[in-house]
Amino acid sequence: TAVQRYPQSWQAKLGLAIAYRRQGLLEKAWQAYNRVVEQVPNNELALKTLGELAEYRQEWQARGVAALTSLLEINPDDLNARAQRALLFTYQGKLDLAQQDYEIVLQNNPTKDDLVNAAQVYAYTNQSQKAIELFESYRAMDGKITGNAKVAYARALRQTNNPSLAIEVLEAQLDGFELTNEQKIQARGELALAYLVNR
């Protein structure tokens, strides 16, 4: 009602966007936050939320990266925004860019999620020793390595001359029921490489 009555009120649009998100109406929230940014390009809450929502749909990722980049130009010390942008870069396959962001995040008291997400990026950019260190730090914080992270962990183990442990990790992974078909294919491919290295 407020948006209809005051169509130029970005505050009303922002309130509506927040309400949509809290109701789980992600499509409407996405559109509403974009309308806020169209009117107020430097609104930090809207920019940050676009970056968070972009995780849910592949077609939103590029817009999410752009929003977080704008936010980091305003506030380069926002480590949550930087970690979220790194995650979106990872989803897009832009691992070098993801790593650049994670290098900054990891120097500043990273969260458990930051550790495990960064570890996967380092594993797939062939910096396996660093990946192993990050996975171990994650486990030290009671993190459980599962799903895609476990495949990346096994890859790092193989690349650091520990293929027998990589095989153990992957065989246990494939015995479980937590994997999608795509994850099973990745795990089997990594397992085949580990078998080969282990002769």
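- Shortest non-hydrogen contact noted between Ala187 and Leu170 is O-CD2, 4.0 Å.
- Taking 4.0 Å as the cut-off between side-chain N and carboxylate O, Arg35 and Glu38 do not count as a salt-bridged pair.
- Of the possible donor and acceptor atoms, one in the side chain of Gln120 sits under 3.5 Å from a partner among the backbone N and O of Val116.
- Between Trp30 atom CH2 and Arg21 atom CZ the span is 11.0 Å, to the nearest 0.5 Å.
- Applying the 6.0 Å contact sphere to CD of Gln4 captures no more than 12 heavy atoms from other residues, nucleotides or ligands.
- Here side chain to side chain donor-acceptor pair (under 3.5 Å) pairs that include residues 41-50, with residues two or more places apart or in two chains, are Lys48-Asp78.
- The structure places CZ of Phe89 at 4.5 Å from CG of Leu97, a figure rounded to the nearest 0.5 Å.
- Side-chain contact check for Gln31 and Glu27: at least one donor-acceptor pair (N or O, by modelled atom type) lies under 3.5 Å.
- Taking CG of Asn117 as the start and CG of Leu134 as the end, the distance is 10.5 Å to the nearest 0.5 Å.
- Put simply, the side chain of Lys13 gets close to the backbone of Pro7: a donor and an acceptor are under 3.5 Å apart.
- The closest side-chain heavy-atom distance from Leu106 to Tyr122 is below 4.5 Å.
- In this structure, CD on Gln129 lies 10.0 Å from CG on Asn161, to the nearest 0.5 angstrom.
- Hydrophobic clustering (ILVMFWY, side-chain heavy atoms < 4.5 Å, transitive): Val36 and Ile74 are in one cluster.
- Counting only N and O atoms by type, the side chains of Ser128 and Arg155 include no donor and acceptor under 3.5 Å apart.
- Gln99 and Thr125 share a side-chain donor-acceptor pair at under 3.5 Å.
- Side-chain contact check for Tyr124 versus Val151: some heavy-atom pair is nearer than 4.5 Å.
- In this structure, Leu50 and Leu68 have side chains that are not in contact, with every pair of non-hydrogen atoms separated by 4.5 Å or more.
- Pairs engaging residues 187-199 under the side chain to side chain donor-acceptor pair (under 3.5 Å) rule: Arg158-Glu190, Glu171-Tyr195 [sequence neighbours left out].
- Minimum heavy-atom separation, Leu47 to Ala67: O-CB, 3.6 Å.
- Residues Leu165 and Glu168 are in side-chain contact: their nearest non-hydrogen atoms beyond the backbone lie under 4.5 Å apart.
- Within the 4.5 Å cutoff, side-chain heavy atoms of Tyr33 are placed close to those of Leu14.
- Interatomic distance, OG1 of Thr111 versus CG of Asp114, reported as 3.0 Å (0.5 Å rounding).
- Within the model, atoms CZ of Arg82 and CG of Asn75 stand 9.5 Å from one another, a figure rounded to the nearest 0.5 Å.
- Looking at Glu55, its side chain never comes within 3.5 Å of a backbone N or O of Gly51 through a donor-acceptor pair.
- For the side-chain contact (heavy atoms from CB on, under 4.5 Å) with Leu115, the lone residue among Phe135, Tyr102, Tyr138 that qualifies is Tyr138.
- Minimum interatomic distance between Glu52 and Gln84 (heavy atoms only, all atoms of both residues): CA-NE2, 3.8 Å.
- Heavy-atom minimum distance, Pro163 versus Ala194: CB-O, 3.8 Å.
- Side-chain contact between Arg85 and Leu71: absent, with no pair of heavy atoms (C-beta onward) separated by less than 4.5 Å.
- Grouping the Ile, Leu, Val, Met, Phe, Trp and Tyr side chains by contacts below 4.5 angstrom, directly or via other members, places Val121 with Tyr91.
- Between the side chains of Asn126 and Gln159, at least one donor-acceptor pair of N or O atoms lies under 3.5 Å.
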